[in-house]
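Heads up, the thing below is written out as structure tokens.
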Amino acid sequence: MNASGPKCGSLDELKKLAKSDVGAIVTKSISLEPRKGNEIPRAHYDEIGSLNSLGIPNLGIEQVAKDISAIKKETSKPIVANIAGFSVDDFKKLALAANSSEADMIEANLSCPNIIGHPQTAYDTKSTKELAEFFKDNVSLPLSIKLPVYLSQHQKNEVLELIVKNKVKMVTLINTVGDSLMINPKMEMAVMKPKKGVGGLGGRYIKPIALGAVWTFYNYFKENKYDCKIIGVGGIYNGTDAFEFFLAGANAVQIGSAYYRTDETIFTNVKNELDKILEKKGYKSLQKITGKLKTF
Ligand code: DHB
């Protein structure tokens, strides 16, 4: 899949994805109302990765639902509606609206780091639990919750427990790492304007962090005999990167920063490179390697 964020907000961008080799199309995070997003400069991309603080610019759920209907006429690829609320109540409304749209799946973005005054929902275990329960009882489409990295073991365990208790069937790991800062030393200045320069870090900068999250979640689910699928994201630029995510326990992967820096051919290239790796190593399917990482 493409990762929610780069080049997936307008109907034209969705159409480009529909024509590509991407396996499923993910929308830019959708809010209840249309939003212009944060002030510019609000994104910085380099050869290693990205820093962004876009502030969820999007057309709002009403328009995006129409765009999803339009795109469904052009492609048989599954469409994933990525929803982003600014409160528990927003998330409930968005989930119901997305559930009755023509989307095939919902990704609930509980982890956007860039909205002033609205910290990541997924760092609030109580709200996350309430939403997981709500989704279980009210959403019929497959739903993944998109989470941030948990640096606190204590909170990670709380979240893992609530995932199992509330029968969350899918998680997307991980969102950009919030409160990151990049500096232009010549100008002695932050590279972005919003939030005094801090925003979400993505791309190769976070690959080991994302892999660690996928691997620890995978092991927890395995030890607890619980079937929760994992979508891995963070620093996938080539077939080897994707291969590593599958070894660590991902069932699917998303490509964000690398797509921003290139074009639709990234999906073809990663897929072909991954196929070649599997063939060379004699693996008949991705399932054969999922979670099969060796450790000492
Ligand atoms: C934005 C950034 C994110 O990392 C995210 O998950 C959702 C939205 C943004 O700033 O638009």
Side-chain angles (χ1 to χ4, degrees), residues 1-10 13-14 25-45 49-61 63-64 80-87 90-91 94-95 98 105-124 127-128 131 143-150 170-182 190-207 209-210 213 231-236 253-260:
M1 306 173 198
N2 61 298
S4 181
K7 301 192 279 197
C8 56
S10 69
E13 288 170 332
L14 295 174
I25 302 168
V26 186
T27 70
K28 169 75 187 148
S29 289
I30 316 162
S31 51
L32 282 173
E33 301 300 330
R35 287 173 58 85
K36 286 203 166 72
N38 293 337
E39 288 184 286
I40 55 169
R42 60 188 187 184
H44 175 86
Y45 285 84
S50 60
L51 183 71
N52 84 74
S53 183
L54 303 183
I56 317 200
N58 78 101
L59 302 168
I61 187 69
Q63 181 58 46
V64 182
V80 183
N82 179 300
I83 56 168
F86 303 120
S87 65
D90 274 12
F91 267 113
L94 282 162
M105 179 180 144
I106 297 171
E107 185 173 65
N109 179 5
L110 305 185
S111 45
C112 174
N114 298 334
I115 307 299
I116 299 153
H118 295 283
Q120 295 96 320
T121 307
Y123 286 143
D124 170 358
S127 298
T128 305
L131 283 173
L143 183 144
S144 176
I145 56 171
K146 185 166 179 178
L147 300 174
V149 62
Y150 289 98
M170 223 180 325
V171 291
T172 306
L173 298 168
I174 57 172
N175 207 319
T176 54
V177 176
D179 285 352
S180 301
L181 176 66
M182 283 188 192
V191 300
M192 298 193 312
K193 180 165 181 182
K195 287 181 91 177
K196 288 189 162 48
V198 300
L201 187 70
R204 290 188 174 106
Y205 290 111
I206 67 164
K207 193 178 109 180
I209 301 173
I231 302 171
V233 53
I236 298 176
V253 293
Q254 297 179 342
I255 302 176
S257 298
Y259 178 40
Y260 182 90

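For ligands, and for the atoms within them, numbers begin at 1 and follow the listed sequence.
No side-chain heavy atom of Leu147 sits under 4.5 Å from any side-chain heavy atom of Asn175.
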Open item on the list: side chain to side chain contact (heavy atoms under 4.5 Å, CB included), that's the test. Do Ile83 and Glu107 meet it? Break it down for me.
Closed with: CA-CA 6 Å; Ile83 56 168; Glu107 185 173 65; over 6 Å; no
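The ring-ring contact (aromatic ring centres under 6.0 Å, His included) check on Tyr205 picks up nothing, with sequence neighbours excluded. Taking the side-chain hydrogen bond (donor to acceptor under 3.5 Å, both in side chains) definition, one finds that Glu39 meets it with Lys193, sequence neighbours left out. Thr128 is linked by a side-chain hydrogen bond (donor to acceptor under 3.5 Å, both in side chains) to nothing, counting only residues two or more places apart in sequence or in another chain.
Residue-level contacts of ligand 1 at the 4.0 Å heavy-atom threshold are Lys28, Ser29, Asn52, Ser53, Leu54, Gly55, Ile56, Pro57, Asn109, Cys112, Pro113, Asn114, Asn175, Thr176.
Here Tyr123 and Tyr150 bring their ring centres to under 6.0 angstrom of each other.
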